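Here the structure is a predicted model, which is why all the values come from computation and not from measurement. Letters A, B, ... are given to chains in the order of the sequence lines, protein chains preceding strands, and every chain is numbered from 1.
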Amino acid sequence: MSVAVLAFPGSCDDRDALRAVALMGAEPVRVWHADSDLGGAGAVIVPGGFSYGDYLRPGALAALSPAMAAVRELAAAGGPVLGICNGFQVLTEAGLLPGVLRPNAHLQFRFQDVALRVQRESAWLPGVVAGDTLEIPVKHHDGCYFAAPAQLEELDAAGQVLLRYVHNPNGSVENIACVTNAAGNVAGLMPHPEHAVDPLLGSVDGRILLQGLLDQAVAVEAAI
Amino acid sequence: MKVTVTVRPRAGILDPQGEAVRRSLEGLGYAASDVRAGKVFDLDLDVGDAREAVRVAGRIAEQVLSNPLIEEFDVAAQEPVRL
Amino acid sequence: MKVTVTVRPRAGILDPQGEAVRRSLEGLGYAASDVRAGKVFDLDLDVGDAREAVRVAGRIAEQVLSNPLIEEFDVAAQEPVRL
Amino acid sequence: MSTIESTPLHRSLGLTDAEFERIRELLEREPNDFELAVFSLLWSEHCAYKHSRRLLAAFPTTGERVLQGPGENAGVIDVGDGLAVALKVESHNHPSAVEPFQGAATGVGGILRDIFAMGARPIAILDSLRFGELDAERQRHLFARVVEGVGHYGNCVGVANIGGEVEFEAAYEHNCLVNAMCVGVLPADRLQSAGAAGPGNLLVLYGSKTGRDGIGGASVLASQGFEEGSEAKRPSVQIGDPFTGKKLIECTLELLDQGLIVSLQDLGAAGLASSTSEMAASGGVGLDVDLSAVPVREEGMEPFEIMISESQERMAAIVEPSSWDAVAAVCRRWEVDATVIGEVTETGRLRCFHGGEAVGDIPVETLTEAAPRYEVARERPARLVESAAVAEDPATPPEAALRALLAAPGTASRRWVTRQYDQLVGSGTVVRPGGDAAVVRLTPSDRAIAVSLDGNGRRTWLDPRRGGMSAVCEAARNVACTGARPAAVTNCLNFGNPEHADIGYELAEAIGGMADACRALGLPVVSGNVSLYNEHDGRPIPPTPVVGVVGVLDDAALAVRAGFRDEGDVVLLAGAGASALDGSDYQKVILGETAGRIPEPDLGAERDLHAFLAAAAGRRLLRSAHDVGGGGLAVAVAEAAMAGNIGVRVGKVADLFGEGDGRVVISARRADVAALRKLAGPVPLQRLGAVGGGEIAVGPARIALAAAVDLYEGALPRIMEGGA
Ligand SMILES: Nc1ncnc2c1ncn2[C@@H]1O[C@H](COP(=O)(O)OP(=O)(O)O)[C@@H](O)[C@H]1O
Ligand SMILES: [Mg+2]
């Protein structure tokens with residue numbers, strides 16, 4: 001199984017994501033933002049960093065790139081797409097995920113390990129059940145999730161909220177850390193699963209989300 | 001053709017930056033009951049006239065410079081638009 | 001009293017945000033020869049009249065909202081100032 | 001000679017009459033204004049190290065690991081497995097005092113460029129900061145904005161920030177210190193040099209456009225008849241652009257991977273003037289530069305402005321003509337502008353043209369080799385005393401003193417700072433900041449480096465020589481606490497005006513002490529930077545040498561952390577270095593003064609201690625190790641407990657709060673203590689107590705673990721934000 005990791009000018013965690021994908025036993029494929037195909041990959045990670053310097057709004061300029069058109073296509077065909085941090089911002093700006101990420105309520109960049117409460121069982125979280133906690137680091141300046149009340153109701157009703165912060169690090173509405181699209185195959189989160197895969201560096205709970213990405217890609221491929 | 005696009009947080013949307021400014025003004029003894037922070041873009045567009053510039057800037061503002069979920073914008077030509 | 005302060009990078013000061021926006025507009029097929037990005041603050045000040053509001057906003061802009069080394073500002077009352 | 005208001009031009013540019021005479025002699029003619037501007041910058045303290053170069057010769061600079069010592073953009077050491085590490089620290093003090101956010105950001109940007117100019121991928125940033133006391137709003141503002149600026153650049157550019165330090169002293173109120181260090185990794189066989197070579201090769205400028213940034217003092221040269229307000233066009237503040245910085249890193253590394261570059265140099269202070277002359281000088285060649293080919297941000301820039309502009313995010317490379325198309329293609333892909341602005345010649349001269357006209361022609365070595373080097377006058381400052389003088393305050397119970405220290409801005413947790421920095425990007429951070437040194441694995445290798453950046457202005461103020469020694473010992477000891485073997489030193493010397501004899505003394509003594517310590521510990525100095533004239537109203541900053549040490553750990557999995565681990569582990573004090581309250585945090589916080597004399601570090605014992613720690617870590621005998629630093633033994637023990645989130649009981653100790661070198665609090669499994677004692681050889685091991693419980697008890701001072709955490713972690717958030 002191969003997983004595309006997008007790279008925009010200003011992406012920082014693309015190399016980490018590539019490494020994490022390899023560690024999970026899949027084949028990482030680096031896709032440059034100007035490319036218009038995903039090199040045959042069955043899954044995509046839109047990685048963290050500061051694409052285009054986060055100038056304007058985080059993710060806004062990256063959302064307009066040619067590679068994102070290819071991501072849209074894969075998503076429409078049911079392929080799994082995971083946006084991490086800046087990647088989450090890109091996916092919301094591109095309209096592939098609901099809501100928007102705004103500056104942290106305290107207006108500071110924040111790096112810390114956070115505890116995340118699992119909201120429900122999901123293909124993204126193999127082996128864990130509602131109520132479990134995962135520990136994964138966050139590091140961002142604009143991670144305050146926002147959606148209008150009506151939209152939030154819809155998200156809750158449709159089970160699109162996968163993870164909530166146990167202690168909210170950024171002011172996100174309803175402590176939301178991770179949401180999916182309505183179909184469930186596109187997910188975005190501010191915490192960094194690719195930084196939680198190596199026991200020498202800390203928690204390995206990030207592997208769960210990456211495994212979820214791979215499992216879904218395999219399932220989609222089998223269905224075709 | 002020079003055009004200015006101003007992007008502001010929508011009414012009702014929390015604006016932590018504006019609020020932080022308001023609090024520091026308070027600390028300095030200024031009586032500000034509300035502060036909202038937004039962005040301004042001065043564009044120099046290679047188009048024929050000011051009217052066209054405003055039209056193009058509007059498209060740019062919608063597509064790129066603002067996120068309609070949380071922001072609204074307005075566009076003003078820096079030279080008078082002859083209608 | 002509502003006043004708007006607009007803060008812009010001084011001429012000659014690097015504006016990486018404006019430049020990044022310009023490049024991506026170019027990529028989208030818009031012909032923008034220059035983009036400068038600044039900030040706008042809408043202040044609601046508890047002062048007697050618009051004229052006083054503009055005066056106070058000027059002080060605030062100088063002291064808090066801008067760094068004169070790299071930025072310049074202007075102030076506009078949202079209601080007409082009666083002189 | 002052109003004059004401005006009857007002041008000779010050379011003086012307005014900061015050159016002495018004698019220096020001006022010397023320039024005429026070297027050129028055998030009158031310099032024109034352009035040439036004079038170039039000389040004035042290349043012969044400045046900043047570029048020429050006029051007052052420090054001779055003193056710096058005291059440093060040992062060679063060693064078996066050294067691939068590149070001082071003289072290039074950064075030093076480089078061999079760390080094994082075919083890998084090399086580049087390191088350098090640099091100051092950005094003045095720009096940060098003027099505009100703290102942008103000053104700090106561009107400081108980080110500048111040190112990053114020095115590292116990738118060596119062909120290394122930057123993997124870690126450290127920052128050493130000093131401000132006035134935080135009870136003043138202005139100082140809190142400077143502190144907050146500097147930290148934000150350091151974070152902004154490093155976070156955006158995707159390089160982990162893994163350490164540094166912060167001190168608060170009234171004496172830094174008008175001269176905050178912002179020193180940034182960067183470490184990069186490269187294949188040992190791909191060391192890059194700045195030396196230009198190959199007449200006919202092209203000089204390529206790539207990165208941001210050139211504006212009127214940092215023209216500063218040289219603006220007296222601007223032609224008259226400028227329109228109103230032209231001064232506003234010479235910004236004294238630079239804007240950091242980490243986005244372009246990031247593209248420059250990736251673009252540069254790709255150019256090097258493809259073997260397209262002959263030599264490489266960043267553009268820093270004095271811009272093209274210094275980078276072209278350094279490239280030509282170190283390659284022993286000449287350069288012809290066409291200034292009208294330089295892409296500019298503004299219209300109407302004069303040749304001298306283009307030559308000396310300090311616009312950020314620019315690099316200069318020498319490439320073979322046949323490589324140019326490939327170079328241009330890589331730069332295009334990264335959306336980085338690249339332009340051929342000149343070529344290498346055999347003339348040994350730096351010749352500059354503008355619109356086809358020659359504007360300057362200077363023999364390269366007159367700018368570099370022939371720059372003046374002065375002997376500084378030295379006179380022992382009257383404040384220095386002979387003996388240690390300070391005793392504990394009988395009126396303050398030890399427990400109250402411990403509480404006060406844990407919550408003091410100078411001693412308390414730095415998490416308020418480090419949580420604003422990305423510590424993980426690069427997937428190498430095995431030990432995060434907060435303890436002694438951070439440890440970064442050189443992924444995909446198992447090898448790791450430990451890095452620390454330290455100084456202590458207060459202690460160096462009391463004894464410049466011992467303070468210099470101590471700074472080296474402390475940085476190396478921090479590295480040794482992780483189990484790494486200290487391998488090389490970089491340093492930044494922050495001092496007052498060297499033309500004053502007391503400052504000359506401080507500078508010479510501190511350098512001498514540092515050099516002695518480096519020699520004794522077997523540490524070559526491979527790079528560094530000097531920041532002089534840090535004074536306000538005639539009052540200088542305390543002498544503040546800041547020392548960065550990189551150590552090598554063969555296996556990242558062996559790294560030792562500062563925090564205690566398990567109930568029942570034995571706590572020991574390794575080393576028996578002399579300690580005193582003179583210059584200590586206790587003296588400052590409890591007694592409200594800085595006085596006396598700090599103890600002399602025992603360099604031999606220090607070396608033995610480091611060797612012991614590496615050996616013990618290598619055999620997995622250490623559960624934790626934490627340096628005894630600010631706040632003395634009591635605070636060190638408390639910190640190890642808080643880092644491990646477990647209590648500790650330590651019995652009677654002679655000296656709770658004294659500071660000095662050569663001591664480390666370690667913990668070990670009960671069963672391993674005998675083996676540790678055997679391994680210790682000449683290093684004294686004193687049993688202090690045991691890990692466990694919910695209380696920190698050090699002799700008579702007792703405090704609940706949770707209460708200690710609240711004081712220690714809450715201190716800076718409360719001061720900076722009025723909350724946690
Ligand atoms: N305190 C010091 N110790 C050792 N070397 C130093 C010191 N200060 C400066 N150097 C060396 O002198 C050279 C010039 O330094 P500097 O001007 O800071 O470099 P750059 O031009 O890259 O900014 C560098 O190679 C630097 O490593
Ligand atoms: Mg350099």
Side-chain angles (χ1 to χ4, degrees), chain A residues 8 51-66 68-69 86 88-110 140-152 154-155 168-176 179 181 188, chain B residues 1-28 30 32-47 53-76 78:
Chain A
F8 303 98
S51 57
Y52 299 94
D54 267 8
Y55 297 135
L56 193 55
R57 289 182 313 284
L61 299 179
L64 302 167
S65 67
M68 279 306 295
N86 192 229
F88 187 9
Q89 295 159 343
V90 174
L91 294 177
T92 57
E93 283 286 346
L96 287 169
L97 285 175
V100 57
L101 291 140
R102 308 192 54 222
N104 294 346
H106 45 68
L107 296 174
Q108 282 181 6
F109 184 95
R110 183 59 53 84
H140 57 246
H141 184 279
D142 298 72
C144 175
Y145 186 76
F146 174 82
Q151 197 173 19
L152 280 175
E154 270 174 47
L155 294 182
N168 195 332
N170 53 29
S172 288
V173 61
E174 293 184 0
N175 302 320
I176 291 174
V179 297
N181 61 349
Chain B
M1 282 296 146
K2 298 195 174 173
V3 204
T4 298
V5 176
T6 312
V7 178
R8 294 181 160 93
R10 278 188 189 282
I13 293 277
L14 203 69
D15 172 21
Q17 196 191 344
E19 180 54 21
V21 171
R22 195 195 60 74
R23 257 184 288 126
S24 75
L25 291 184
E26 215 172 63
L28 292 167
Y30 292 107
S33 57
D34 189 39
V35 179
R36 306 281 286 170
K39 283 177 269 188
V40 56
F41 300 91
D42 296 321
L43 310 177
D44 194 346
L45 298 175
D46 304 336
V47 293
V54 168
R55 212 181 50 74
V56 172
R59 279 219 316 273
I60 290 176
E62 211 177 318
Q63 200 188 340
V64 182
L65 301 180
S66 72
N67 181 334
L69 213 52
I70 45 171
E71 292 166 329
E72 56 197 13
F73 64 86
D74 55 59
V75 179
Q78 280 176 26

For this session: Verify the neighbour count for atom CD of B/Gln63: are there more than 12 heavy atoms of other residues, nucleotides or ligands below 6.0 Å?
Result: yes

Exercise. Under a 4.5 Å heavy-atom cut-off, does chain B meet the side chain of A/Ala105, its backbone, both or neither?
Worked result: backbone

Seminar exercise, completed: Okay, A/Leu56 and chain B: the region with an atom under 4.5 Å from a heavy atom over there is both

Seminar exercise, completed: When the 4.5 angstrom heavy-atom criterion is applied to B/Glu71 and chain A, the contacting part is side chain

Problem set entry | Side-chain heavy-atom pair A/Arg102, B/Pro16 within 4.5 angstrom cut-off | yes

Problem set entry | Separation of B/Lys39 NZ from A/Arg57 CZ (nearest 0.5 Å) | 6.0 Å

Seminar exercise, completed: Correct closest heavy-atom pair for A/Leu107 and B/Gln17 would be CD1-CA, 3.9 Å

Seminar exercise, completed: Ranking B/Asn67, B/Ile70, B/Leu69 by heavy-atom pairs under 4.5 Å to chain A gives rank one to B/Asn67

